[in-house]
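The structure's right below; bear with me while I get my questions together.
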Amino acid sequence: MKVLVIGPGGREHAIVRSLLADPNVSEVHAAPGNAGIGKLVPTHAIDANDPGAVAALAKRLTVDLVVVGPEAPLAAGVSDAVRAAGIPVFGPSQAAAQLEASKAFAKEIMAEAGVPTAMARVASNAEEAADALDVFGAPYVVKDDGLAAGKGVVVTKNRDEALAHAQHCFDAGGTVVIEEFLDGPEVSVFVLSDGRNTVALSPAQDFKRIFDNDEGPNTGGMGAYTPLEWAPEGLVQEVIDRVAQPTVNQMAHRGTPFVGVLFVGLALTSRGTRVIEFNVRFGDPETQAVLARLKTPLGGLLMAAAKGELDKAEPLRWSKETAVAVVIAAENYPGTPRTGDRIRGLKKAESLEGVHIIHAGTSFDDEGRVVSAGGRVLAVVALGTDLVEARERAYDGVELVQLDGGQFRTDIGRKAARGEIKVLGHKAAATKAKA
Ligand code: AMP
Ligand code: GLY
């Protein structure tokens, strides 16, 4: 099987790495890729958000499957163009990608499908925003309705700050979704769908804020670990039964079947499981950790989803080890990142037991050396027999990587390793099945 992977980031590097480990995958290409991907497979410098360009490349390479990584090409209709060219594609249509591209649409589908989520109101001017804030009270949650790379959400106890963010979105011609605050730990569950059937991957936890102890602004994600020893029994089955399958059914019912990965962002609140958000693609950096543990060959699995044959796929097999991914970001991220800095120590870090490096914002300079080229630069991923060992290995790797101005969190997986995560009054046992 020949596969083309679309996207430039760490998630795509992790996908390429796993595809190369699938004995039935004979060739992998990537577009546009990054320096780490370029070391593994041929890369093609096309505009990944241009449906025509991606479909033309897929045809020229005569690939059997296209895997679309990020949300932007999905929202732009890349999957539709590839599918129209007769090539199987893992990634939802433009219509189905609205589950991520519009938070208001996602709320509508959740309401229709009876999916538990935060109460919310859509506001399109200052007066509506103020009303909605006062209905739900503090802490306030204000979300830009459109795609914002995880940075369009403000959670604050300060009403003026909440109003200012809403106004900022209105000034840009947008609308906002204002919702009730959800307490409790957050979990990411990736659910593969072929339009009808669903298969969940092992849950992971992401670290969204830039600084330790969840301080500072939101980012795309600064680290992740999996599996979650502390997650309530039956959580995965609950996500399938109450969230993913009803959503997939509803999308099919509307005539816009969802093919790809439904990323369910959950809060395990004191009142039960609630969906915080849907994304229509793998999470980054959760994927770096999740795929490190997946033993089932990835190419076959994604092809089964693309072809509507997930019901025939074998049950997933997982490594017993724990995986931790620690992101190293450039100076000033999540603002405008400093780029063009040399990155040293990658080989040394990779020589550590259980450790590998996944590139995100990297490229080659004129002399062919790896330099920073984006906000999140790379992730150090480590497997260990448990979370304590995986963390130690990951952070030993981080210490060896040198990047001027590089920032990373020192607390990825720390609370869980110390047994400090509490799920209050949670009854995932509603469906009685095991995670
Ligand atoms: P989103 O882009 O919807 O994933 O939001 C980004 C982050 O904002 C989430 O991962 C949460 O940490 C936080 N957040 C979003 N919605 C809520 C909510 N209703 N209550 C509490 N925190 C939230
Ligand atoms: N790590 C969260 C995301 O990919 O949106």
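Whatever order the structure lists them in is the order used to number ligands and atoms, beginning at 1. Worth knowing before you read on, the calculation uses all heavy atoms, side chains too, and leaves out hydrogens, waters and symmetry mates.
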**Prompt:** When you check the side-chain N and O atoms of Arg293 and Ser202, is any donor under 3.5 Å from an acceptor?
**Reply:**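 There is such a pair between these side chains.
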**Request:** Run through Arg121, Lys107, Lys103 and flag the one making a side-chain hydrogen bond (donor to acceptor under 3.5 Å, both in side chains) with Glu179.
**Result:**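 Running side-chain hydrogen bond (donor to acceptor under 3.5 Å, both in side chains) over Arg121, Lys107, Lys103 with Glu179 returns exactly one hit, Lys107.
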**Item:** Sidechain N-carboxylate O distance under 4.0 Å for Arg274, Glu180
**Value:**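 No, Arg274 and Glu180 are not salt-bridged.
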**Request:** For Arg209 and Asn218, indicate whether the former's side chain and the latter's backbone hold a donor-acceptor pair under 3.5 Å.
**Result:**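 Judged by distance alone, no pair lies under 3.5 Å.
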**Asked** So, the side chain of Asp212 versus the backbone of Arg409: is there a donor-acceptor pair under 3.5 Å, distance only?
**Response**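 Not a single qualifying donor-acceptor pair exists.
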**Request:** Run the contact test for Glu180 against ligand 1 with a 4.0 Å cut-off on heavy atoms, strictly below, and give the result.
**Result:**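 A heavy atom of Glu180 does come that close to ligand 1.
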**Prompt:** Taking atom CZ of Arg393 as the centre, does the number of heavy atoms from other residues, nucleotides or ligands within less than 6.0 Å exceed 12?
**Reply:**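 Atom CZ in Arg393 is crowded, with more than 12 foreign heavy atoms closer than 6.0 Å.
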**Asked** For ligand 2, is there an N or O atom under 3.5 Å from any N or O atom of Lys208?
**Response**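 N/O-N/O distance under 3.5 Å: no.
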**Message:** I'd like to know if Glu277 pairs up with Lys208 as an ion pair, taking the criterion as any Lys NZ or Arg NE/NH1/NH2 lying under 4.0 Å from an Asp or Glu carboxylate oxygen.
**Reply:**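 The answer is yes: the pair qualifies as a salt bridge.
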**Request:** Would you mind telling me if ligand 1 is within reach of the side chain of Leu182, the backbone, both or neither, using heavy atoms under 4.0 Å?
**Result:**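 Near ligand 1, Leu182 shows its backbone as well as its side chain.
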**Prompt:** Which ligand 1 atoms, with their elements, are less than 4.0 angstrom from a heavy-atom of Lys208?
**Reply:**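 Checking each atom against Lys208, I get 4 (O), 9 (C), 10 (O).
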**Request:** Heavy-atom contacts with Val141 under 4.0 Å: which atoms of ligand 1 show up? List them by number with element.
**Result:**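 Atoms satisfying the 4.0 Å criterion: 16 (N), 17 (C), 18 (C), 19 (N), 20 (N).
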**Prompt:** Side chains of Asn249 and Gln245: donor-acceptor distance under 3.5 Å anywhere?
**Reply:**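 Judged by distance alone, the side chains do pair up.
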**Request:** Run the numbers for me: atoms of ligand 2, each under 4.0 Å from some heavy atom of Gly220, listed by number.
**Result:**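 In order of number, 1 (N), 2 (C), 3 (C).
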**Asked** Which atoms of ligand 1 are found less than 4.0 Å from any heavy atom of Phe181?
**Response**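 Near Phe181, meaning under 4.0 Å from one of its heavy atoms, ligand 1 has 20 (N), 21 (C).
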**Prompt:** Asp206 heavy atoms, cut-off 4.0 Å: which ligand 2 atoms fall inside?
**Reply:**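 Counting from 1, the qualifying ligand atoms are 1 (N), 2 (C).
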**Item:** For ligand 2, the portion of Arg281 having any non-hydrogen atom under 4.0 Å away
**Value:**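 Under 4.0 Å from ligand 2, Arg281 contributes side-chain atoms alone.
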**Prompt:** Aromatic rings Tyr395 and Phe408: how do their planes relate, parallel, tilted or perpendicular, breaks at 30° and 60°?
**Reply:**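 Rings of Tyr395 and Phe408: tilted, as their planes differ by 30° to 60°.
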**Request:** State whether the shortest distance between N or O atoms of Glu277 and N or O atoms of ligand 2 falls below 3.5 angstrom.
**Result:**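 No.
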**Asked** Relative to the heavy atoms of Gly283, which atoms of ligand 2 are at a distance of less than 4.0 Å?
**Response**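 Listed by number with element, the hits are 4 (O).
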**Message:** Suppose I only count heavy atoms of Asn279 and a 4.0 Å limit; which atoms of ligand 2 are within that range?
**Reply:**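 Those qualifying, in numeric order: 5 (O).
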**Request:** Between Glu100, Lys103, Glu179, Glu186, flag the one that comes closest to atom 11 (C) of ligand 1 by a heavy atom.
**Result:**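 Ranked by closest heavy atom to atom 11 (C) of ligand 1, first place is Glu186.
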**Short N-O contact, Asp134 and Arg159, less than 4.0 angstrom** =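 Result for this pair is yes, salt bridge flagged.
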**Request:** Would you mind running through ligand 2 and noting each atom that sits below 4.0 Å from a heavy atom of Glu286?
**Result:**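 Atoms satisfying the 4.0 Å criterion: 1 (N), 2 (C).
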**Request:** Could you list which atoms of ligand 1 come closer than 4.0 Å to a heavy atom of Lys143?
**Result:**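 That gives atoms 3 (O), 15 (C), 16 (N) of ligand 1.
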**Request:** Return yes when Arg209 approaches ligand 1 closer than 4.0 angstrom through a heavy atom, no otherwise.
**Result:**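 Not so, Arg209 does not reach ligand 1.
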